[in-house]
There are 2 protein chains.
Amino acid sequence: MADTFPSDSIGLVTPQTLHFDAPLTLDCGRTLPRYDIIYETYGQLNANRSNAVLICHALSGDHHAAGYHSTQDKKPGWWDSAIGIGKPIDTTRFFVVCLNNLGGCKGSTGPTSLNPETGKPFGPDFPIITVRDWVNAQAQLSDVLGIHQWAAVVGGSLGGMQALQWTIDYPDRVRHCVAIAAAPKLSAQNIAFNEVARQAIMTDPDFHAGHYYEKNVIPRQGLMLARMLGHITYLSDDSMRAKFGRELREGKLNFSFDVEFQIESYLRYQGHSFVDRFDANTYLLMTKALDYFDPASEHNHDLAQAFANVKAQFLIAAFTSDWRFSPARSREIVKALLDNKKQVSYAEIKADDGHDAFLMPIPLYQQIFRAYMQRIEI
Amino acid sequence: MADTFPSDSIGLVTPQTLHFDAPLTLDCGRTLPRYDIIYETYGQLNANRSNAVLICHALSGDHHAAGYHSTQDKKPGWWDSAIGIGKPIDTTRFFVVCLNNLGGCKGSTGPTSLNPETGKPFGPDFPIITVRDWVNAQAQLSDVLGIHQWAAVVGGSLGGMQALQWTIDYPDRVRHCVAIAAAPKLSAQNIAFNEVARQAIMTDPDFHAGHYYEKNVIPRQGLMLARMLGHITYLSDDSMRAKFGRELREGKLNFSFDVEFQIESYLRYQGHSFVDRFDANTYLLMTKALDYFDPASEHNHDLAQAFANVKAQFLIAAFTSDWRFSPARSREIVKALLDNKKQVSYAEIKADDGHDAFLMPIPLYQQIFRAYMQRIEI
């Protein structure tokens with residue numbers, strides 16, 4: 001990275017941490033007596049506090065959604081393609097907030113934090129946390145920031161699920177919900193992939209039932225496998241073919257179990273690099289939050305009933321080659337909203353990039369996303 | 001199992017082993033100086049030896065395709081639904097041969113066999129073996145059995161690939177080829193799944209670079225994960241939904257990492273039970289044979305060229321919900337054959353069972369399969 005940033009970047013940003021002393025009661029019945037939330041903001045809150053946009057992150061995301069932490073950073077935040085000057089979430093117009101969710105490993109209270117009851121890291125004793133718990137914690141953060149109502153709550157994948165949950169649990173506090181590449185609940189196949197990832201981590205001999213911090217090891221093998229597997233589900237068969245095909249690294253078969261195909265090389269790299277920047281206990285929690293998300297379950301498994309009292313307007317977007325959360329899953333959400341005569345825009349975007357498309361600067365996607373955000377009154 | 005067998009079963013069968021002393025040169029350049037092949041036969045070879053059918057097994061299959069080894073067996077052979085009296089491969093009409101492929105772990109020479117050069121098990125020193133190598137070994141077996149020409153070579157998945165390879169390498173020795181739920185080569189996504197399975201095995205601390213036999217351990221965790229992952233790709237999203245949905249084992253969330261959803265329970269069971277009956281080094285070899293299969297690669301990547309000299313007639317069948325080797329992959333084979341004006345029947349069968357459908361007694365599938373086999377002149 002040069003010492004200058006792209007002109008549409010929000011440039012240098014500094015995370016902030018808020019400490020909460022009021023206990024948070026969780027879906028599992030347990031209570032977090034106190035907790036920290038780390039977050040970033042981009043742009044300026046306007047005088048009547050009507051231009052705030054909340055970004056919710058997905059499985060391996062964090063609070064650093066846009067801009068740079070230093071001039072030495074090789075890459076900007078994870079959703080820099082969507083957040084910045086003139087970008088779909090235009091920081092000249094919106095005040096953008098992104099936080100690391102509870103259970104995370106990037107600064108908010110999670111398994112790596114000290115458990116006040118024991119003086120040791122929570123590890124596996126950190127409570128299993130749900131999308132609703134996250135939304136409640138996000139509401140606490142909103143209060144402290146003086147944001148009574150979000151102009152929009154926005155997220156992709158697991159982030160989109162949080163945006164949907166906001167409209168259900170805090171109907172008066174969300175004017176617009178943007179849920180991209182999401183689903184109303186996981187399918188058995190989705191749960192199956194999560195379960196293999198969890199088993200990879202939990203059966204790693206270095207997992208030590210989650211107490212690996214004390215042993216000064218990490219369940220590398222398991223976390224690497226979980227990430228490799230994740231990556232297969234983030235890409236489409238087509239995007240893999242386009243990116244890697246059956247290309248051989250050395251041009252010919254080597255008749256060994258070393259890396260031969262480019263796709264193998266890519267996956268091993270993704271797996272190895274993840275291990276050093278993500279916590280295995282957090283990974284477990286995130287997959288469980290995905291498995292548990294099912295707002296219809298409390299409404300006789302009728303999704304339309306779950307959305308009966310929402311007041312927000314919606315943009316639901318999906319990508320044709322996404323087989324993790326396919327367009328059919330987004331259309332379930334759209335149908336449930338339309339059954340309630342809610343205002344909903346639906347975009348099914350032709351893209352070869354699979355589930356990962358939601359993070360990419362695909363022109364049609366950006367155009368639709370920008371147009372929707374521009375229409376939001378502030 | 002009671003002391004009687006179903007009336008359409010071929011009943012008790014006994015495997016036989018043949019020892020080959022003539023060296024077999026492999027695609028990798030190495031030579032197996034001698035080897036054993038274990039096989040079973042069902043039905044009677046007719047006087048002019050024109051009714052022989054070769055069954056090729058898939059990744060985790062073996063020579064025991066039909067019937068029972070003892071009256072105590074809980075289950076018959078892996079393709080008993082297709083092989084028997086009045087079944088699609090009718091043993092009153094055909095003489096059926098099924099063998100365990102080289103590199104296997106059920107009786108044919110493989111990684112668990114003693115390496116004559118060292119007096120220890122081959123382990124990871126067993127040569128990487130290809131579909132073509134298997135077909136060459138199967139041809140040696142055919143010679144010993146006195147079968148110059150197969151009435152049909154039949155297989156599903158990786159077995160279908162062997163059937164296709166037969167028609168290319170031994171055009172005069174195959175009258176009919178039945179390739180079910182196969183593909184002309186693996187996609188990058190297929191290779192990616194295999195690579196995660198291999199990494200699961202090879203990074204297991206109990207793998208010991210493949211020399212685990214000497215340590216009296218097996219890479220349980222890795223092989224279990226590989227199998228769990230495999231099972232996800234064998235089933236369709238729809239069949240998982242139908243079988244397991246989001247059913248909770250105990251009716252409610254338990255907010256722990258124990259088994260909660262039925263699909264988790266199923267996958268863990270499949271993973272654990274596999275470990276005791278399959279060898280990890282064999283699993284690695286089988287995935288590699290899949291990755292390497294690409295008959296077009298020696299013909300300017302033109303599949304039609306690869307099939308230019310085949311003489312067999314073909315039944316190519318695929319299942320609508322198979323996302324491992326989708327119908328589109330079978331249609332590539334059909335097109336390449338039609339480009340050569342070969343005789344080919346194609347069946348795209350509506351079924352919810354995913355890739356596993358090829359093993360199941362689906363009525364329309366059995367009807368088509370039976371009709372094709374009955375048409376074969378003997």
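- Chosen from A:Gly245, A:Pro205, A:Gly271, A:Ser256, the residue pairing most often with chain B at heavy-atom distances under 4.5 Å is A:Ser256.
- Ranked by non-hydrogen atom pairs under 4.5 Å with chain A, the options B:Arg30, B:Met202, B:Lys185 are led by B:Lys185.
- Across B:Met224, B:Glu260, B:His231, the residue that shares the most heavy-atom pairs under 4.5 angstrom with chain A is B:Glu260.
- At a 4.5 Å heavy-atom cutoff, B:Leu248 makes no contact with chain A through either its backbone or its side chain.
- Side chains of B:Ser187 and A:Arg241 form a contact here, defined as non-hydrogen atoms less than 4.5 Å apart.
- With chain B as partner, the option from A:Leu253, A:Leu186, A:Ile263, A:Val196 having the largest number of non-hydrogen pairs under 4.5 angstrom is A:Leu253.
- Among A:Ile191, A:Thr287, A:Asn194, the residue with the largest count of heavy-atom pairs under 4.5 Å with chain B is A:Ile191.
- The CZ atom of A:Phe207 sits 11.5 Å away from atom CD of B:Gln221, with the distance rounded to the nearest 0.5 Å.
- Aromatic ring orientation, B:Tyr292 versus A:Phe255: perpendicular (interplanar angle above 60°, classes split at 30° and 60°).
- Remark: A:Ile201 CD1 to B:Leu225 CG distance equals 10.5 Å, nearest 0.5 Å.
- Looking at A:Asp291, both its backbone and its side chain come within 4.5 Å of chain B, counting heavy atoms on both sides.
- Proximity to chain A (any heavy atom under 4.5 Å) is shown, for B:Leu284, by both the backbone and the side chain.
- Between chain B and the residues A:Leu235, A:Val259, A:Leu229, the most heavy-atom pairs under 4.5 angstrom are made by A:Leu229.
- Interface residue A:Leu267: only side-chain heavy atoms are found under 4.5 Å from chain B.
- The OG1 atom of B:Thr203 lies 8.5 Å from the CE atom of A:Met228; values are rounded to the nearest 0.5 Å.
- With chain B as the partner, the residue from A:Thr130, A:Asp204, A:Ile129 showing the most heavy-atom pairs under 4.5 Å is A:Asp204.
- Looking at A:Asn190, there are no atoms closer than 4.5 Å to chain B (heavy atoms on both sides), in backbone or side chain.
- Residue A:Phe257 touches chain B through both its backbone and its side chain, counting heavy-atom pairs closer than 4.5 Å.
- Heavy atoms of B:Tyr266 lying under 4.5 Å from chain A are absent altogether.
- Counting heavy atoms from C-beta on, the side chains of A:Arg246 and B:Asp294 come closer than 4.5 Å.
- B:Gln189 CD to A:Asp238 CG: the interatomic distance, rounded to the nearest 0.5 Å, is 9.5 Å.
- At least one side-chain heavy atom of A:Glu195 sits less than 4.5 Å from a side-chain heavy atom of B:Arg268.
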